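Okay, structure first, notes after.
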Amino acid sequence: MEERDNINKFRKKRAGRKLLFRLAVLLLIVLVIILIVINWGSIIAPFKDAALDVSKGGFPVELPGSAGYTLNELGESFYLLTDTYIYTYHADGAQITNVQHGFQNPVSESNHKRVVVYDKNGKEFKLFSRTGEIYAKPMEDSIVFASIGNDDRCAVVTTSTRYSNYLYVYNGEGKQIFRWASPNYKIMQVEFSEDDKSIFVAALGAQNGELQQYIFRFDLGNAESHIWQTYIGSDISYELSCDSKSVYAITGGGCSRLDIETGELIATGVFGNTIHDIPQQDGAVCIVFSDPTSSGDVLTVYDDMFTDPKTLYIDKLTRACTDSGKYYVLSGSQLRSYDGALQEIKIYELDDVYSDMIIMNGYAYLLGYNEVQRIAL
């Protein structure tokens, strides 16, 4: 009898352990299903792209016909923004899709997988992938500008009747995750950190009749207040960028480098000439200045302490780009490449005069009067 009772107890324990194991497996399956449902858009997007029936590729790509174009990269693809449509293309020139945006004054910004298009001084913006529109978001106030992070977060700066500006941040589904009412400062630029968890804001104020330019850092998970605030001078900011350690601010009078964690001013540089253009930064501060002695321009590259700048005079500059430590200059019907010391590497003779270019995947994509051309670098 005692032996039988022990066997029954053992069987009950084993059955209980089996039940707990089955419940744990069931709970795990439910959690996996919930995660798949929440992230379904991100999971299915690569498969949609792979199965997309694109047009026949090849260059030159004929322009669709518009009064003006914006050419920019979209990961390993590129897009054209016109006054009515956004067109996306594979790197080989095959058109992927075209979508009507419906804006009167469209402006765009992109990263490796998303494009944000907004109606400047209008009240709506839209987020696109290379295959189509993801969402549209109406705003209560007029949009001053918008920016995109390194993944799918967007920042939108609007006017306000009560404050100087409003700053909103949205996630990839169009949900607002952060808002800052700027009471006394006009927001000039915003820049996301590399992990998209923080945002840096260049904002302009005034005291006793003198302009004051500040850089703020906000963590997007903390809406209470800024993490730090640093005064960088009285000149208006033109560009804001960052890497994993520093924040770089370019103003009309110079450049500043701030510690990303504390906001401490690490280095400053002073400009003597007028800024003509600021190419997209690629590991170094690169600026094009107007040459006061001629009709040309001066491409200038600074190190992270803004000492010993390297300069290159360019006659009739059209566009300058940086990529992987090299510099590319479009001028007339020539494209020239330079190394990090601004020593000439190669001259490419072009078949036409082009108005814009992007450098991507070892190629230069050139925007002409009625076509996009591609040349190998």
Side-chain angles (χ1 to χ4, degrees), residues 67-73 107 188-189 202 211 213 232-241 248-257 267-360 363-373 375 377:
Y69 303 91
T70 296
L71 170 69
N72 214 336
E73 61 183 294
V107 183
M188 310 300 292
Q189 286 89 33
L211 294 177
Q213 185 70 61
I232 62 169
S234 58
D235 294 298
I236 298 174
S237 65
Y238 293 150
E239 183 78 11
L240 199 61
S241 63
Y248 297 86
I250 299 173
T251 71
C255 42
S256 302
R257 178 185 167 209
T268 59
V270 179
F271 299 155
N273 294 327
T274 303
I275 294 176
H276 173 77
D277 187 26
I278 304 175
Q280 184 174 353
Q281 306 304 303
D282 181 46
V285 175
C286 178
I287 303 172
V288 177
F289 295 100
S290 299
D291 184 6
T293 63
S294 69
S295 60
D297 298 288
V298 179
L299 178 68
T300 307
V301 178
Y302 298 87
D303 61 19
D304 58 2
M305 296 304 292
F306 311 122
T307 57
D308 190 27
K310 300 174 180 62
T311 60
L312 174 69
Y313 175 81
I314 304 166
D315 186 29
K316 298 179 181 179
L317 170 73
T318 303
R319 189 80 165 94
C321 294
T322 68
D323 183 72
S324 302
K326 295 181 181 179
Y327 300 88
Y328 299 88
V329 173
L330 180 64
S331 178
S333 59
Q334 287 187 335
L335 172 61
R336 298 172 182 261
S337 62
Y338 300 86
D339 62 17
L342 295 185
Q343 298 298 309
E344 187 174 273
I345 300 173
K346 189 174 181 178
I347 300 177
Y348 302 86
E349 297 292 344
L350 307 176
D351 59 355
D352 201 351
V353 175
Y354 295 92
S355 61
D356 201 359
M357 74 171 174
I358 56 175
I359 307 298
M360 185 175 67
Y363 291 93
Y365 293 78
L366 304 161
L367 178 64
Y369 172 72
N370 59 1
E371 66 181 25
V372 174
Q373 185 59 279
I375 63 169
L377 299 174

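Model, not experiment: these values are computed from the prediction.
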Which distance, rounded to the nearest 0.5 Å, do you find between the [atom1] of [X] and the [atom2] of [Y]?
{"X": "Tyr369", "Y": "Tyr69", "atom1": "OH", "atom2": "OH", "result": "8.5 Å"}
{"X": "Cys286", "Y": "Leu312", "atom1": "SG", "atom2": "CG", "result": "10.0 Å"}
{"X": "Leu71", "Y": "Tyr354", "atom1": "CG", "atom2": "OH", "result": "12.0 Å"}
{"X": "Leu342", "Y": "Leu299", "atom1": "CG", "atom2": "CG", "result": "5.5 Å"}
{"X": "Leu366", "Y": "Glu371", "atom1": "CG", "atom2": "CD", "result": "9.5 Å"}
{"X": "Thr307", "Y": "Tyr302", "atom1": "OG1", "atom2": "OH", "result": "11.0 Å"}

Please list, chain by chain and in numerical order, all residues satisfying side-chain contact (heavy atoms from CB on, under 4.5 Å) with [X], sequence neighbours excluded.
{"X": "Thr251", "answer": "Ile232, Asp235, Ser237"}
{"X": "Thr268", "answer": "Ser256, Leu265"}
{"X": "Thr311", "answer": "Val298, Thr300"}

For the residue pair [X] and [Y], what are the closest heavy atoms and their distance?
{"X": "Gly252", "Y": "Tyr238", "value": "CA-CE1, 3.5 Å"}
{"X": "Asp351", "Y": "Gln373", "value": "OD2-NE2, 3.8 Å"}
{"X": "Ala249", "Y": "Leu240", "value": "CB-CD1, 3.9 Å"}
{"X": "Ala267", "Y": "Phe306", "value": "O-CE1, 3.5 Å"}

Tell me every residue that passes side chain to side chain donor-acceptor pair (under 3.5 Å) with [X], counting only those two or more places apart in sequence or in another chain.
{"X": "Gln343", "answer": "none"}
{"X": "Tyr363", "answer": "none"}
{"X": "Tyr365", "answer": "none"}

Checklist entry - Tell me the salt bridge (Lys or Arg N to Asp or Glu O under 4.0 Å) pairs involving residues 284-295, sequence neighbours left out? => result none

Checklist entry - How would you list all residue pairs meeting salt bridge (Lys or Arg N to Asp or Glu O under 4.0 Å) that involve residues 328-348, not counting sequence neighbours? => result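 Counting only pairs at least two positions apart or across chains, the salt bridge (Lys or Arg N to Asp or Glu O under 4.0 Å) contacts touching residues 328-348 are Arg336-Glu344.
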
Sequence neighbours left out, cut at 3.5 Å: what donor-acceptor pairs do the side chains of residues 316-329 make with other protein atoms?
residue: Arg319; atom: NE; partner: Asp356; partner atom: OD1; Å: 2.8
residue: Thr322; atom: OG1; partner: Gln280; partner atom: O; Å: 2.8

Item to check | Those residues that, when tested against Asp304, pass salt bridge (Lys or Arg N to Asp or Glu O under 4.0 Å) (two or more places apart) | outcome: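 Residues passing salt bridge (Lys or Arg N to Asp or Glu O under 4.0 Å) with Asp304: Arg257.
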
Please tabulate, for the side chains in residues 271-278, all donor-acceptor contacts under 3.5 angstrom to protein atoms that are two or more places apart in sequence or on a different chain.
none

Item to check | Main-chain N/O of Asp315 paired with Ser331 side-chain donor or acceptor, under 3.5 Å | outcome: yes

